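The structure displayed is predicted, hence computed values, not measured ones.
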Amino acid sequence: MSQNRIYLCLAHMSGNEQKFIQEAFDTNWVAPLGPNVDAFETELENYVGENKKVVALTSGTAAIHLALVACGVRAGDEVITQSFTFCASANPITYLGATPIFIDSECDTWNMDPQLLEEAIKDRIEKTGKTPKAIITVSIYGMPYKIDEIAEIANRYDIPIIEDAADAFGSKYKGQVLGTFGKFGILSFNGNKMITTSGGGALICENDAAKQEIMFYATQARENYPYYQHEKIGYNYRMSNICAGIGRGQMTVADDHIKHHQHVCQLYKELLKDIEGIKLQENPSSDYDSNYWLNTITIEPWVKVKGEENAYAQTIQGAVGGAGSVTHSVSTLTTDCQPNNNVEAMRIALDKAGIEARPLWKPMHKQPVYKNNPAYLNGVSEELFKKGLCLPSGPCVTDDDVRYIVKNIVESLI
């Protein structure tokens, strides 16, 4: 087992990144455009296939924002998205003055429930007289959503789908890469994703015309004049040539990273199979092919874990996701929706053993900032949040690390 702390999911360099970065410096292409950007986009287009076009951007959040702009979302509109997700799936909707409408999850994939989706569409039409402007689907932790069912509903109501595949680089459904099923697809290359550009993301577009329009908005919406003429609001969202160079190096190991995450899942499965009350999230059928960006477990409430009585005895210092220096201090030890005591006790026990584990995403409809937004619920995402835990899954996690993690899980049980 590694003597260092075992982190949840960190990027792993291939050794090829330096070559592309050096080329950028040697040719003085240190800007938000250049040969690395063009080549990275081409490599991504070849990787996702389906004749799609790709625009490299500063983040996955920027990609969602531009996809919404391209779908014509404006102030006063409504956009449907999943509640069980990171805030970046919802926040860009509010950037535009539109309203996120939250849909709960189904139990198979933990993603958007198709039945609730259709109920919500009908209800929003009845209440507002307007059809929601877009649907942002999410493939949480790399697991594909129920694509066939949701696509059928979206097509019937003529609502474009924006696929948030930020967690799902390389995941597939029926052999097709995630992010290519909707009008737009979102990729993230944050430092903890399957491949990284240190930060960054990309928008998968239907065709070259859509790509050109996105690039127009991503480069401050400049018109063809010999001076700066702006007739629409644009954004400074293009990826830098340096970051794209990192991405090109990462593309050489992308398949290896995915295979490693999937291998780690199989090892967790084997080691956890006889532990009652702890369940690993897996592909629900052969149609699904998750990259297992994060391997996740649920712990039933009746499972007893050492230290439950002290689970929320102390205020957390800092915050998850490496944002500890820019968070607000809190005035209470608990909130009205949080992981069960046994889950928090397990997280603390693993942390003491040098193992980083985290709760699942807290549903957006339970976030104070979105407490007044419409939400269509069945209780699934709240239950998952209370029972779930993310386990280390990254390229640097070895087989011995996985055995050590499971050993500590077992030793924490009563």
*Does a sphere of radius 6.0 Å around CG in Asp208 hold more than 12 heavy atoms from other residues, nucleotides or ligands, not counting ones at 6.0 Å or beyond?*
yes
*Checking side chain to side chain contact (heavy atoms under 4.5 Å, CB included) against Tyr237, which of Ile214, Thr219, Thr58, Thr61 comes through?*
Thr58
*Does the distance from a Lys or Arg side-chain N to an Asp or Glu carboxylate O, for Arg403 and Asp400, drop under 4.0 Å?*
yes
*asked:* Less than 4.0 angstrom from a charged side-chain N to a carboxylate O is my criterion; do Glu119 and Lys122 meet it?
replied: no
*Do NZ/NE/NH1/NH2 and the carboxylate oxygens of Arg5 and Glu356 come within less than 4.0 Å?*
no
*Could Lys53 and Glu213 be called an ion pair, given the rule that one side-chain N must be under 4.0 Å from one carboxylate O?*
no
*Is it true that atom CD of Glu309 has more than 12 heavy atoms of other residues, nucleotides or ligands lying nearer than 6.0 Å?*
yes
*Would you call Glu45 and Lys52 a salt bridge, taking side-chain N to carboxylate O under 4.0 Å as the test?*
no
_Testing the 3.5 Å rule here: is there a donor-acceptor pair between the side chains of Asp255 and Tyr47?_
yes
*Met112 and side chain to side chain contact (heavy atoms under 4.5 Å, CB included): which partner among Asp104, Ile135, Ile140?*
Ile135
*asked:* Heavy-atom count check: over 12 atoms from other residues, nucleotides or ligands less than 6.0 Å from Glu276 CD?
replied: no
List, one per line, each side-chain donor-acceptor pair under 3.5 Å for residues 84-92, sequence neighbours excluded.
from	atom 1	to	atom 2	distance (Å)
Thr85	OG1	Ser89	OG	2.8
Ser89	OG	Asp164	OD2	2.6
Asn91	OD1	Tyr370	OH	2.7

*Let me see the working for His365 and Phe102 under ring-ring contact (aromatic ring centres under 6.0 Å, His included), right down to the final yes or no.*
CA-CA 7 Å; His365 72 270; Phe102 296 115; 7.5 Å; no
*Kindly state each residue pair satisfying ring pair (Phe, Tyr, Trp, His ring centres under 6.0 Å) with at least one member in residues 250-290, sequence neighbours excluded.*
Tyr173-Tyr288
*asked:* Between Tyr145 and Phe181, is the ring-ring contact (aromatic ring centres under 6.0 Å, His included) condition met? List the steps.
replied: CA-CA 11 Å; Tyr145 62 100; Phe181 290 90; 7.3 Å; no
_So for atom CD1, which belongs to Ile414, do other residues, nucleotides or ligands contribute more than 12 heavy atoms lying within a distance under 6.0 Å?_
yes
